[in-house]
Amino acid sequence: MTASRVLVLNSGSSSVKYQLLDMADRSRLASGLVERIGEETSRLVHEPLTGPGAEGGRREQVGPIADHGAALKAVAAELAADGMGLDSPELAAVGHRVVHGGTRFTRPTVIDDEVLAEIRSLIPLAPLHNPANVTGIEVARALRADIPQVAVFDTAFHSTMPEYVARYAIDAATADAYSIRRYGFHGTSHAYVSRATAELLGRPVEDVNVIVLHLGNGASASAVRGGVCVETSMGLTPLEGLVMGTRSGDVDPAVVFHLARVGGFSVDEIDSLLNKKSGLLGMCGDNDMREVLRRAGEGDEAASLAFAAYVHRLKKYIGAYSAVLGRVDAVTFTAGVGENAHQVRAAALDGLAELGLALDPEANAVRSGEPRLVSAEGARVAVAVVPTDEELEIATQAYALVTG
């Protein structure tokens, strides 16, 4: 029996998302979520998608799950109940989403003690994410020490940016001493979506230049030339770039000094303000684009202003990345907002006919879970909507690594 299954784990500070995939046919066997780890009201939702367990459908349990170790053991028990436990000889690898790989990790990597120590050393660059990623790896290695554990890094896809793009124009010695540079994030999504866009166009990925707009509560843009990232909007952290649900995106760095000197804000207070209390939430009190659109449609001035700021920033990046690429074959929208909010797509591309961008209003208004073109017939640049699949991308990269 050939081992072809990959368990994908995305460990957060108080949650674990997981999917089990069979790479023989790229099918999804099971998926689930453990949330509120460490609380009395922890919740595990498990959905078997194939096999005998699928007949019973989705299962849910609520009760205390003390830590990530207990969470992964509970996940293993659910998978075992469906005949797909972690002890299965069909399991080829466990793929772990790791947010920050720094400059050291630019491709998927089999995890050993040395690699784990290096991922741990990167915690200062991603203090909210890498600790949880490390915990997930440690627990999974303890449960199945005999199979490869593979780290797939959010930052890796963007490591191909030229040095003059990745560098900030600050004192070079200081930048080197503190690893200050532009890393970019959402890399697994940008990799998957840029490749899927080329497939949608029926062209080799090496021949396609695409601007990818990953628009969720966190949002980022990338310029991808022939399958290679040459520019992205997020930087040292996920704060830089587009207007997001709760993050400000681009802001004059002197705002930080002004708030400290004039407002008496501490560093932690400024961090919280820009990351958790800004963006759409800061401007109008809602970070859910559906609510922002509803309120703007009813004439709410704050929501209308927030939406206008969100769209304006998108236009700026589309224009800038068109200049960076020189030739654009497609602009692709993905993630929760990008895939579902047709109003955002229409507003972001409105007035960009000179860049070759034009929508088909009827096609754009259709809701679908399938990759599709929504550009007007004859438009020079394709406009695509491609549902992202980060779990499949992680499984694909992990499986390719362990099978050579």
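Positions are given from 1 along the sequence. Model, not experiment: these values are computed from the prediction.
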Discussion item. I'd like to know whether R195 forms a side chain to side chain contact (heavy atoms under 4.5 Å, CB included) with Y192, so could you lay out the CA-CA distance, the side-chain angles of the two residues, the decisive distance to 0.1 Å, and finally the verdict.
Written reply: CA-CA 5 Å; R195 193 170 60 249; Y192 175 85; 4.2 Å; yes
Discussion item. Could you walk me through whether F333 and V331 satisfy the side chain to side chain contact (heavy atoms under 4.5 Å, CB included) test, starting with their C-alpha distance in whole Å, then the side-chain angles of each, then the deciding distance to 0.1 Å, before giving a yes or no?
Written reply: CA-CA 7 Å; F333 292 83; V331 172; 4.1 Å; yes
Fill in: T232 vs F157, side chain to side chain contact (heavy atoms under 4.5 Å, CB included): CA-CA, chis, key distance, verdict
CA-CA 10 Å; T232 192; F157 183 65; over 6 Å; no
Fill in: Test log, rule side chain to side chain contact (heavy atoms under 4.5 Å, CB included), inputs L21 and L29
CA-CA 5 Å; L21 299 99; L29 306 179; over 6 Å; no
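Counting only N and O atoms by type, the side chains of D22 and S4 include a donor and acceptor under 3.5 Å apart. N209 and R225 are not linked by any side-chain donor-acceptor pair at a separation below 3.5 angstrom, with hydrogens and angles left out of the test. Side-chain polar atoms of R28 and Q19 form a donor-acceptor pair below 3.5 angstrom. Defined by atom type and a distance below 3.5 Å, a donor-acceptor pair is present between the side-chain atoms of D82 and H46. Of the N and O atoms on the side chains of D25 and S27, at least one donor lies less than 3.5 Å from an acceptor on the other residue. With no hydrogens or angles considered, no side-chain donor-acceptor pair links H214 and T334 at under 3.5 Å.
Closest of all the heavy-atom pairs between T160 and C229 is OG1-O, 2.6 Å. Of all heavy-atom pairs spanning P108 and V150, the tightest one is CB-CG1, 4.1 Å. The shortest heavy-atom contact between R247 and N275 is CG-O, 3.4 Å. Taking each heavy atom of A330 and L201 in turn, the nearest pair found is CB-CD1, 4.1 Å.
With salt bridges taken as basic N to acidic carboxylate O contacts below 4.0 Å, none links D350 and R345. Ionic pairing of E291 and R295 is not present here: no N-O contact between side-chain nitrogen and carboxylate oxygen is shorter than 4.0 angstrom. Note on D207 versus R327: no salt bridge recorded, every NZ/NE/NH1/NH2 to OD/OE distance being 4.0 Å or above. In summary, R5 and E90 engage in a salt bridge, as defined by a charged side-chain N under 4.0 Å from a carboxylate O. For the pair R120 and E138, the salt-bridge criterion is met [side-chain N within less than 4.0 Å of a carboxylate O]. Taking a cutoff of 4.0 Å between a charged side-chain nitrogen and a carboxylate oxygen, R141 and D146 do not qualify as a salt bridge.
In this structure, the side chain of R182 does not engage the main chain of R167 through any donor-acceptor pair within 3.5 Å. Side chain of S179 to main chain of A175: no donor-acceptor pair is present (N/O by atom type, distance under 3.5 Å, no hydrogens or angles). Side-chain atoms of R181 never come within 3.5 Å of backbone atoms of L236 as a donor-acceptor pair (strictly under, hydrogens ignored). Although no hydrogens or angles enter the test, the distance criterion places a donor-acceptor pair under 3.5 Å between the side chain of T109 and the main chain of R107. In this structure, the side chain of N130 does not engage the main chain of V98 through any donor-acceptor pair within 3.5 Å. A donor-acceptor pair under 3.5 Å links the side-chain atoms of S375 to the main chain of V383, judged by distance alone. A donor-acceptor pair is defined here as one N or O able to donate and one able to accept, closer than 3.5 Å; no such pair exists between the side chain of D286 and the backbone of D288.
Annotation: side chain of V224 is not in contact with side chain of T197 (no heavy-atom distance under 4.5 Å). Looking at heavy atoms from C-beta onward, L273 lies in side-chain contact with L259 at the 4.5 angstrom threshold. Counting only heavy atoms from C-beta outward, the side chains of H68 and V16 approach each other to under 4.5 Å. Annotation: side chain of V230 is not in contact with side chain of Y321 (no heavy-atom distance under 4.5 Å). Residues V45 and R58 are in side-chain contact: their nearest non-hydrogen atoms beyond the backbone lie under 4.5 Å apart.
Note: H158 and H186 fail the aromatic proximity criterion, with ring centroids not under 6.0 Å apart. Side-chain rings of H100 and F153 stay apart, their centers remaining 6.0 Å or farther from each other.
When the shell of 6.0 Å around CD of E362 is examined, it contains 12 or fewer heavy atoms from other residues, nucleotides or ligands.
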